[in-house]
Amino acid sequence: MQSQYDPKSVEQEAREYWERTGAFRAQDPPVGGARPKFYCLSMFPYPSGKLHMGHVRNYTIGDVMSRFYRMRGYNVLQPMGWDAFGLPAENAAMANGVPPAKWTYDNIAYMKKQLQSLGFAIDWERELATCDPDYYRWNQWLFLRMLEKGLVYKKTGTVNWDPVDQTVLANEQVIDGRGWRTGALVEKREIPMYYMAITKYAEELLGALDTLSGWPERVKTMQANWIGKSHGVNIGFPYELGGERKLLRVFTTRADTLMGTTFCAVAAEHPLAALAAKSDKNLAAFVDECKRGSVMEAELAQLDKKGMPTGLFVAHPITGEKIEVWVGNYVLMAYGEGAVMGVPGHDERDFAFAKKYGLPIKSVIDVEGRPYSIYAWQPWYADYGKCVNSGKYNGLDYQGAVDAIAADLKKKDLGDKQVTWRLRDWGISRQRYWGTPIPIIHCDACGDVPVPDKDLPVVLPEDLVPDGTGNPLAKTPSFLNCICPKCGKSAKRETDTMDTFVDSSWYFMRYACPDQAKAMVDERAEYWMAVDQYIGGIEHAILHLLYSRFWTKVMRDLGLVKVDEPFARLLTQGMVLNEIFYRKSGDGRITYLNPAEIELKVDDKGVRVGAMLRSDGKPVESDGIGTMSKSKNNGVDPQDLIEKYGADTARQFMMFASPPEDTLVWSDSGIEGASRFLRRLWRTVYEHVVEGLAPAYSGGALSPELRALRFELHSTVAKVTDDYARRQQYNTAIAAVMEFMNALAKLSDASALARSVRQEALQVVVLLLSPIVPHICHALWRELKPAGDVMREPWPQVDESALVQDEVELVLQVNGKLRGHMRAPKSAGREQLEKLALAHESVTRFTDGQAVKKVVVVPGRLVNVVV
RNA sequence: GCGAAGGUGGCGGAAUUGGUAGACGCACUGGAUUUAGGUUCCAGCGCCGCAAGGCAUGGGGGUUCGAGUCCCUUCCUUCGCACCA
């Protein structure tokens with residue numbers, strides 16, 4: 001055995017062994033059927049160029065789980081693929097003049113090498129890329145099935161329009177309301193798009209959250225709020241137009257405040273706004289102003305509340321009172337009816353709006369014991385209470401008032417109770433090149449004609465280079481021009497492609513049968529689904545996970561799979577953030593500096609006192625912390641780490657740095673510790689092995705020292721196993737092993753018995769660590785058990801007999817303050833413990849002469865004496 | 001703005017069910033070995049205090065024999081907000 005740990009040779013040898021033995025191949029049934037299956041999946045990466053720290057974190061967590069379950073006897077599937085369509089490839093193409101396909105495939109090749117160098121136990125035979133026609137043809141195929149079932153339909157949607165480049169922009173391409181390339185003010189534009197009717201599944205998507213016991217509560221809460229089921233009343237405010245009676249419809253969850261309505265507000269896109277703008281230039285200008293800027297809801301919600309009267313009036317549905325209709329920039333066309341009733345007395349936004357424009361404010365709810373004044377908003381104004389100033393509804397509580405008002409409206413045919421969802425149907429059309437072509441043909445005679453199944457896939461040409469002006473597919477006749485499958489006349493293809501969320505909504509099923517040419521999925525998907533453990537960034541808590549749940553249910557209803565939910569257990573890993581450094585030049589331009597080039601200065605207590613650029617030694621400014629991004633130049637390439645320390649050190653450091661679900665602010669200051677620990681582990685095994693192997697301890701009388709060590713050892717096995725299986729918290733698992741190694745290092749006994757305990761201990765340690773640092777454990781295991789394979793070893797068992805103790809240490813408190821410790825027989829009862837404690841010196845010192853009021857005994861933990 | 005989560009030493013974090021706050025590691029300080037060291041080993045390390053002891057888990061208040069953990073309130077940070085993936 002080598003006396004020194006050499007990560008490079010150890011890791012290369014282990015990887016060659018794994019490859020030679022096909023160690024990571026998952027067995028499809030019936031071969032794999034004897035063992036229980038475990039499908040462990042990490043979210044597939046977008047092939048952006050290189051792995052980043054978030055990838056390393058994500059895939060290490062997944063690999064630790066995969067290897068742990070493999071050792072526990074499961075038939076484990078851990079696949080990998082590429083979320084290969086998307087905007088960055090088009091941006092790179094514009095920057096470098098390279099087609100997105102080539103850029104993407106080059107990135108895949110590089111990143112695959114990186115993943116392999118980290119030693120992940122991936123079954124590469126199932127690799128897939130979503131930009132492969134063999135994959136995306138099934139996007140198209142399912143789209144057509146959904147179209148047949150009415151789950152796909154066409155309607156207009158709002159997009160960001162760059163008037164200079166004449167192109168649709170993604171939200172991230174709009175910066176401060178301007179196009180990122182042209183700097184032109186962005187406009188909203190209505191265009192026809194295809195939608196998937198996810199709202200038809202809203203009720204099930206919401207209800208089934210209760211069945212997801214393996215999901216974090218916070219994710220389920222976020223999804224439930226996103227779906228947003230609300231019970232309310234749909235109310236019609238009547239008005240006359242051209243002699244015809246019409247209704248302005250609003251939805252409200254606070255129908256009990258209807259009598260406090262002093263105005264109505266509609267979105268700028270609302271038909272009434274358009275109507276009024278026809279005859280009012282100022283209003284037309286305001287509506288135009290509202291239509292400027294991006295479509296991002298976060299931005300809209302933070303705009304200053306602005307409005308303008310339309311000059312139109314509607315009638316209050318109960319009193320018939322005249323109510324003015326305003327256009328408000330805070331009313332969203334996409335939610336509810338695109339119009340709201342304004343109740344400034346009891347809605348904070350309406351209150352601010354009314355104050356700004358001098359609209360009347362009327363209090364109609366009395367929250368008991370809370371005063372009301374129209375001059376300043378108070379949080380309780382929005383609380384439930386009893387109706388006042390509300391005519392016949394006076395005195396009713398919330399539910400009573402809602403019931404009565406809904407009933408009255410129904411009688412007049414002006415409204416009814418209604419359930420509304422915040423969830424909107426999923427617009428999947430993208431006016432972009434690098435995505436799945438939507439399989440539709442536009443024929444002048446026949447309209448929109450679906451591409452027949454026999455003509456699938458509609459293949460995306462791979463040699464186009466976008467230039468930022470419009471969709472290159474629309475400028476490519478060989479793609480655009482086609483024959484109408486219905487009438488045979490010349491026709492045009494749809495040039496929009498699908499949202500890339502479509503690609504990622506079912507890839508986890510395709511891993512089961514990536515070679516299946518005749519169907520989207522087959523019986524192998526039936527075997528592997530659902531995913532037993534899914535791991536990915538918390539940033540996907542809503543959209544990706546919700547869309548995947550939706551697609552799974554659609555596929556189920558089409559008879560393709562039987563599962564209701566795709567992911568049984570979910571681990572949402574926290575973001576990896578990093579500090580942002582910059583310098584401001586004389587003309588105010590900001591240059592962001594990569595943290596790898598920054599050196600931190602510390603004082604003699606280790607406290608940070610400054611930061612400087614390594615190359616010139618001059619100070620730099622800090623701009624706080626944020627997600628690793630190109631624009632802030634605060635990304636860290638894991639490759640340096642892997643090359644300098646090896647994959648195992650990188651993996652261990654990542655897992656030790658924080659619990660998987662926590663946000664992690666990057667710092668490489670602990671990497672030396674990880675490296676040091678592995679070197680020490682190697683040396684400890686080496687020193688044992690050179691003395692000659694011993695049979696692992698299997699019973700017999702032990703000295704107190706050896707008994708104590710075995711107690712530590714088996715406590716560690718129990719703790720670490722629980723951390724892997726239940727808690728999924730690897731930092732504490734590693735800490736527990738470190739703690740045990742510290743105890744083992746103190747063992748000086750060199751007897752044969754001690755050597756066998758040490759042999760047992762080292763074997764257990766190597767097994768416990770092998771999911772996290774598999775290469776070094778592979779090598780060490782072969783030294784401890786020549787010709788053995790650590791991956792094929794069963795997980796260590798806790799020896800319960802080693803955990804038996806007859807004495808325990810208890811904490812002594814006086815008035816809740818720690819005053820000492822005492823040892824007591826484990827079997828001691830409450831009364832005996834109380835007696836021992838009251839007589840104990842550390843207690844009497846503090847209770848001396850005072851009357852004991854109460855004694856709290858927690859057996860096995862503490863005794864608290866209250867005086 | 002709305003929804004979700006988080007805040008503990010100089011730093012990452014531990015404390016799993018209301019029961020010893022700071023495990024484990026980094027950094028730092030002192031020492032030994034080596035003198036080739038970005039090696040290894042030993043010791044110290046929340047703050048105040050000579051000590052006894054006191055204080056301390058973002059801030060303020062509360063419940064409890066006992067609160068990092070529960071409740072109220074407030075500030076700050078991160079994630080998501082439907083065309084980044």
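The sequence lines fix the lettering, A, B, ..., with proteins before strands; numbering per chain opens at 1.
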Write down the protein N/O and nucleotide N/O pairs, taken from nucleotides 55-62 of chain B, whose separation is under 3.5 Å; answer none if there are no such pairs.
from   : atom 1 : to     : atom 2 : distance (Å)
B:rC55 : OP2    : A:K817 : NZ     : 3.4

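Of the residues in residues 850-859 of chain A, those placing a heavy atom less than 4.0 Å from an atom of RNA chain B are A:K854, A:V856, A:V858, in numerical order.
Under the rule for a side chain to side chain donor-acceptor pair (under 3.5 Å), the partners of A:W426 that lie at least two apart in sequence or sit in another chain are A:D499. With sequence neighbours excluded, the residues forming a ring pair (Phe, Tyr, Trp, His ring centres under 6.0 Å) with A:Y201 are A:F550, listed by chain and number. The side chain to side chain donor-acceptor pair (under 3.5 Å) test applied to A:Q2 returns no partner, not counting sequence neighbours. Not a single salt bridge (charged side-chain N to carboxylate O under 4.0 Å, His left out) links A:D6 to another residue, sequence neighbours left out. In terms of the salt bridge (charged side-chain N to carboxylate O under 4.0 Å, His left out) criterion, residue partners of A:K220 (sequence neighbours excluded) are, by chain and number, A:E217. Shown here are the salt bridge (charged side-chain N to carboxylate O under 4.0 Å, His left out) partners of A:K719, two or more places apart in sequence or in another chain: A:D723. By the salt bridge (charged side-chain N to carboxylate O under 4.0 Å, His left out) test, A:D350 is found to be paired with no residue, residues two or more places apart in sequence or in another chain being considered.
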Donor-acceptor contacts under 3.5 Å from residues 535-547 of chain A side chains, at least two apart:
from   : atom 1 : to     : atom 2 : distance (Å)
A:H544 : NE2    : A:Y534 : OH     : 2.7

In the 5'-to-3' direction, what one-character label does each nucleotide of nucleotides 20-25 of chain B receive under the scheme B = base within less than 4.0 Å of a protein heavy atom, S = sugar-phosphate only, - = no such atom? B--BBS

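Screening residues 167-181 of chain A for salt bridge (charged side-chain N to carboxylate O under 4.0 Å, His left out) gives A:D165-A:R181 as the qualifying pairs, with residues at least two apart or on separate chains.
Within the 4.0 angstrom heavy-atom criterion, no nucleotide atom of any strand lies near A:L300.
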